[in-house]
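Below is one structure, written out as structure tokens, with a few remarks after it.
Convention: sequence-line order gives letters A, B, ...; per-chain numbering from 1.
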Amino acid sequence: MLDPNLIREMPDVVKDGITKKGTDPSIVDDFLEVDRKRRDLIKKIDEMRHKRRTLSEEIGSIIARGGDAEGIKESVRETGTQINELESELRNIESVYQDLLLRIPNLPYSAVPYGKDESENVVIRQEGEKKEFPFTPRSHWEIGEALDIIDFKRGVKISGARFYVLKGLGAKLERALISWMIELHIQKHGYTEIFPPFLINRASMTGTGQLPKFEEDMYHIEVDDLFLNPTAEVPVTNLYRDEILSEEELPIKYVAYTACFRREAGAAGKDTRGIIRVHQFNKVEMVRFVKAEDSYKELDELIDNAEDVLRELGLSYQIKMMCTGDLGFAAAVKYDPEVYMPYQDKYVEISSCSNFEDFQARRANIRYRTKDGKIRFVHTLNGSGLAVGRTMAAILENYQTEDGSVIIPEVLQKYMGIDKISRK
RNA sequence: GGAGGGAUGGCUGAGCGGUUGAAAGCGCCUGACUCGAAAUCAGGUAGAAGGGCAACCUUCUCGUGGGUUCAAAUCCCACUCCCUCCGCCA
């Protein structure tokens, strides 16, 4: 969430920022109104509590001296009743106040280009040549089925639309990618591995910004009020919810593999074929907790860590910068590395690297103590490194040969024990 | 699932109805001593909210939410989590 003081002191800046994200700025006025009421009420209650406390102490000393305190007791009792009434009023106002704060999106970083929606995102650079084939390249789903390593029909039978089954060398390739990516981030980029729970409570989902606004995007287990992990960002960032770290521990860099579950509620009819958009996928995620003054330097590193995965796999890609309208709720800035997919002759999102500044840290109450004892919010960042299913799709398409087999990228060969997946 | 025990500041741990936001120890910070460090000594050291230009003042918080009382860390109720034993179990 935003700093309430910022909204109070510079409401126009906040309105401008959230308008660029496509949010109705009237929420700021709603907030200011409730904020005023809240503060007036707190002041009133504090004064009355002070009165009650003073009188109460007086009663103590009267009784200690053996005097009669019945009269004064009665008046304190009355004050107490009044306080109770005001307190219940405050509770109502407080919950509206909190809810509004949780629904105001983060402001875009100054360098983010203005744009209404994804059509106005900006490609900032391209790396590597698009792969050229002396034959017409096949789609990853055609290749996967022909090699008998992806089974779409039976995935649907077991679970439903947008589920698939990996088999044999397909399953092994998925596993190899996960291990290799994690190892790369640990050994080469200095991350520490985390393996978090996949079922997540409401407080954690609120901490990173999935709730309260996006409940319908998540799988929810009603009996226990738990959510299926939508991205490792959630459990890993919430590792330090309600904690105060020390400055010396920062930056903290974690890498986590998780399965990710998404209902894809608004995506009917989009990417219906293949393994690009599914309800369950594997992802290796990088998360950083950093000092405010370092967060943009840290973001550059994070993006480079994601790119390194693509470079090592020999895949060509581009980096796209999200415009204000496509930033999402919690991010201040977001870059999406996109991998080249030969069948569609298109770049497809394979990672997403964001700086949330202190937006998540305020929600999740993640702070650190500076060397001179001040307490400040950390900045949180995260990025995929990479989405595993999409990486597999990219490998199948980019490394296909005319006879229908697929070359295994060199870095994965020792994990696979082979250099090629061939038709039987 | 059954029975019992517990939850206090960065940590350990006292307090069990009246200046107790909280003893003591550890840790950390500052100062003294020292060429420097260690040891020692002195002092400081929770978070949040509201008010004030500020110094500072006020309020809230001893797992969470209610209740009793003039007054609750302390008494009562519910919930959550942790520990021990029993049962079940991948």
In terms of side-chain heavy atoms of [X], which of [options] is nearest?
| X | options | result |
| --- | --- | --- |
| Arg367(A) | G51(B), U58(B), G47(B) | G47(B) |
| Ile42(A) | A48(B), G50(B), U59(B) | G50(B) |
| Arg369(A) | G51(B), A49(B), A46(B) | A46(B) |

How about Ser354(A) and Leu381(A): do any of their side-chain heavy atoms sit closer than 4.5 Å?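 Sidechains of Leu381(A) and Ser354(A): no contact.
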Spacing of the [atom1] atoms in [M] and [N] (rounded, Å):
| N | M | atom1 | value |
| --- | --- | --- | --- |
| A72(B) | A3(B) | P | 33 Å |
| G52(B) | G65(B) | C1' | 34 Å |
| G21(B) | A73(B) | P | 8 Å |
| C41(B) | G9(B) | C1' | 26 Å |
| G5(B) | G63(B) | C1' | 16 Å |
| A24(B) | C76(B) | P | 29 Å |
| U74(B) | G17(B) | C1' | 6 Å |
| A49(B) | G1(B) | P | 38 Å |

Would you list the protein and nucleotides 70-72 of chain B atom pairs, both N or O, that sit under 3.5 Å from each other?
residue: C70(B); atom: OP1; partner: Arg77(A); partner atom: NH2; Å: 2.7
residue: C70(B); atom: OP2; partner: Arg77(A); partner atom: NE; Å: 3.2
residue: C70(B); atom: O2'; partner: Ser56(A); partner atom: OG; Å: 3.2
residue: C70(B); atom: O2; partner: Ser56(A); partner atom: OG; Å: 3.4
residue: A71(B); atom: O4'; partner: Ser56(A); partner atom: OG; Å: 2.9

Pairing string, 5' to 3', for RNA chain B - Watson-Crick or wobble contacts under 3.5 Å, brackets [ ] where pairs cross, | to another strand: ((((((((.[[[..)..(.....]]]((((((.......))))))((((((....)))))).[[[[[..)....]]]]])))))))....
Test log, rule salt bridge (charged side-chain N to carboxylate O under 4.0 Å, His left out), inputs Glu74(A) and Arg77(A): CA-CA 5 Å; Glu74(A) 180 54 35; Arg77(A) 196 177 299 139; 2.7 Å; yes
Give one of base, sugar-phosphate or nothing for Arg362(A), where a contact means two heavy atoms less than 4.0 Å apart.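 No contact.
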Indicate yes or no: does Glu47(A) engage Lys44(A) in a salt bridge with an N to O separation below 4.0 Å.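 Lys44(A) and Glu47(A): not salt-bridged.
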Of the non-hydrogen atoms in Ser384(A) and Ala306(A), which two are nearest, and what is the gap between them?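 That closest heavy-atom pairing would be O-CB, 3.6 Å.
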Atom NZ of Lys374(A) and atom P of C29(B): how far apart are they, to the nearest Å?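 One finds 16 Å between P of C29(B) and NZ of Lys374(A), rounded.
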